[in-house]
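The block underneath contains the structure these notes are about, expressed in C-alpha cells.
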Amino acid sequence: MQLILRPYQPSDIENLAKHANNFNISKYLTNKFPFPYEKKDGEAFIQLALSHSPLQIKAIVLNGEVIGSIGVHQLADIYSKSAEMGYWIGEEHWGKGIVALAVKEMLKYGFDTFDIERIFARTTHTNLASQQVLKKSGFIFEAELKGTIFKNGEYFDELIFGFRKNQLSQLQH
C-alpha cells in the first residue's frame with residue numbers, strides 16, 4: 001500500500017468525483033460538500049484547494065489514485081493559534097487505517113506550516129468511525145455540544161477533539 005498526501009492536480013477530477021459522490025460520505029460533512037457530487041463540483045474544489053498558499057488541503061492518494069481529501073485550516077483573530085482539520089475518504093477504503101495515517105501526516109504538516117498550537121476536529125455523535133480515527137491519532141476529547149448540527153432534517157450533537165503541538169512527539173512512536 002502506497003499512501004501519500006499531495007497537492008491536487010486537474011487530472012484528479014475523475015477519481016475525486018467518483019469517490020465523493022456518495023451520500024454516506026456527504027451526510028457527515030458540511031453542506032458545502034454536495035450530494036450528488038458531480039465533476040463540476042470536483043473542478044471547483046480542486047481550484048479552491050490550489051488557491052491557498054501555503055496549501056491547506058491535500059489529496060489522499062492510494063496507489064496513485066485520489067481516494068479522499070484532508071485539510072488543515074488556520075482560524076483567525078482570537079482563534080489564530082488553532083486550526084480545524086477535516087477529512088473524508090471513499091467508502092470502499094473505510095476501516096483500513098488509511099485515514100489515521102493521513103491524519104498523523106497532516107498533523108505534522110499543520111504544525112510545521114502554520115503558527116498554531118492546536119489542531120481540532122469536529123464530528124457528530126453518530127460518526128463513530130471518525131471518533132475512533134481521532135482517538136487513534138492522539139486527539140483528546142474536548143467538548144460535546146448538544147444539538148448544534150442540523151443536517152438532512154435532523155439535529156446532531158457536535159463532538160470536538162483536539163491535538164496540541166506538544167503532543168507531536170507521541171506520533172513518532
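Starting from 1, each residue takes its place in the sequence as its number.
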*When you look at E158 and K146, which way does the salt bridge (charged side-chain N to carboxylate O under 4.0 Å, His left out) test go after all the steps?*
CA-CA 6 Å; E158 176 181 12; K146 295 288 189 183; over 6 Å; no

*asked:* Rounded at 0.5 Å granularity, tell me how far CZ in R164 sits from CG in L107.
replied: 13.0 Å

_Just verifying a value: how many Å separate H19 NE2 and E91 CD, rounded to the nearest 0.5 Å?_
11.5 Å

*For the residue pair L5 and V61, establish whether any side-chain heavy-atom pair is separated by less than 4.5 Å.*
no

_I'd like to check E38 versus N21 (side-chain heavy atoms, cut-off strictly below 4.5 Å). Are they in contact?_
no

*Supply the atom-to-atom distance D157 CG to T123 OG1, rounded to the nearest 0.5 angstrom.*
11.0 Å

*Would you call K18 and E65 a salt bridge, using N to O less than 4.0 angstrom?*
yes

*Say you draw a straight line from OG of S130 to CG of L159; how long is it, rounded to the nearest 0.5 Å?*
9.5 Å

*NZ/NE/NH1/NH2 to OD/OE distance under 4.0 Å, K58 and E105*: no

*Strictly by modelled atom types, are Q2 and N63 linked by a side-chain donor-acceptor pair under 3.5 Å?*
no

*No-hydrogen, no-angle side-chain donor-acceptor test under 3.5 Å, T148 and Y155*: no

*Any pair counted as ring pair (Phe, Tyr, Trp, His ring centres under 6.0 Å), so long as it reaches residues 101-122, sequence neighbours left out*: none

*asked:* Less than 3.5 Å apart, any donor N or O on the side chain of H125 or Q131 sitting next to an acceptor on the other?
replied: no

*asked:* If the test is side chain to side chain contact (heavy atoms under 4.5 Å, CB included), which one of I25, L62, I98, V133 qualifies with I89?
replied: I98

*Test item: I70 and W88 side chains (from C-beta on) under 4.5 Å apart, heavy atoms*: no

*Expected output: side-chain K39 to main-chain I13 donor-acceptor under 3.5 Å*: no

*Any chance the side chains of Y8 and S69 put a donor and an acceptor closer than 3.5 Å?*
yes

*Determine yes or no for a side-chain-to-main-chain donor-acceptor pair under 3.5 angstrom, with T113 supplying the side chain and G110 the backbone.*
no

*Residues sharing F156's hydrophobic cluster, by side-chain heavy-atom contacts under 4.5 Å among ILVMFWY, directly or via others?*
I149

*Residues that E117 engages under salt bridge (charged side-chain N to carboxylate O under 4.0 Å, His left out), provided they are two or more places apart*: none

*Any ring pair (Phe, Tyr, Trp, His ring centres under 6.0 Å) pairs touching residues 55-80, not counting sequence neighbours?*
none

*Spacing of I160 atom CD1 and I140 atom CD1 [to the nearest 0.5 Å]*: 14.5 Å

_Grouping I, L, V, M, F, W and Y whenever their side-chain heavy atoms are under 4.5 Å apart, do M106 and F33 come out in a common cluster?_
yes

*Measuring from K96:NZ to L3:CG, what's the distance to the nearest 0.5 Å?*
12.0 Å

_Shortest non-hydrogen separation from A83 to I116 and the atoms involved_ = CB-CD1, 3.7 Å

*If you draw a 6.0 Å radius around CD in Q47, do more than 12 non-hydrogen atoms from other residues or ligands fall strictly inside?*
no

*salt_bridge(R6, D12) N-O dist < 4.0 Å*: yes

*For D115, enumerate each residue passing the salt bridge (charged side-chain N to carboxylate O under 4.0 Å, His left out) test, keeping only those at least two apart in sequence or located in another chain.*
K81

*Residues in salt bridge (charged side-chain N to carboxylate O under 4.0 Å, His left out) contact with K27, at least two apart in sequence or another chain*: none

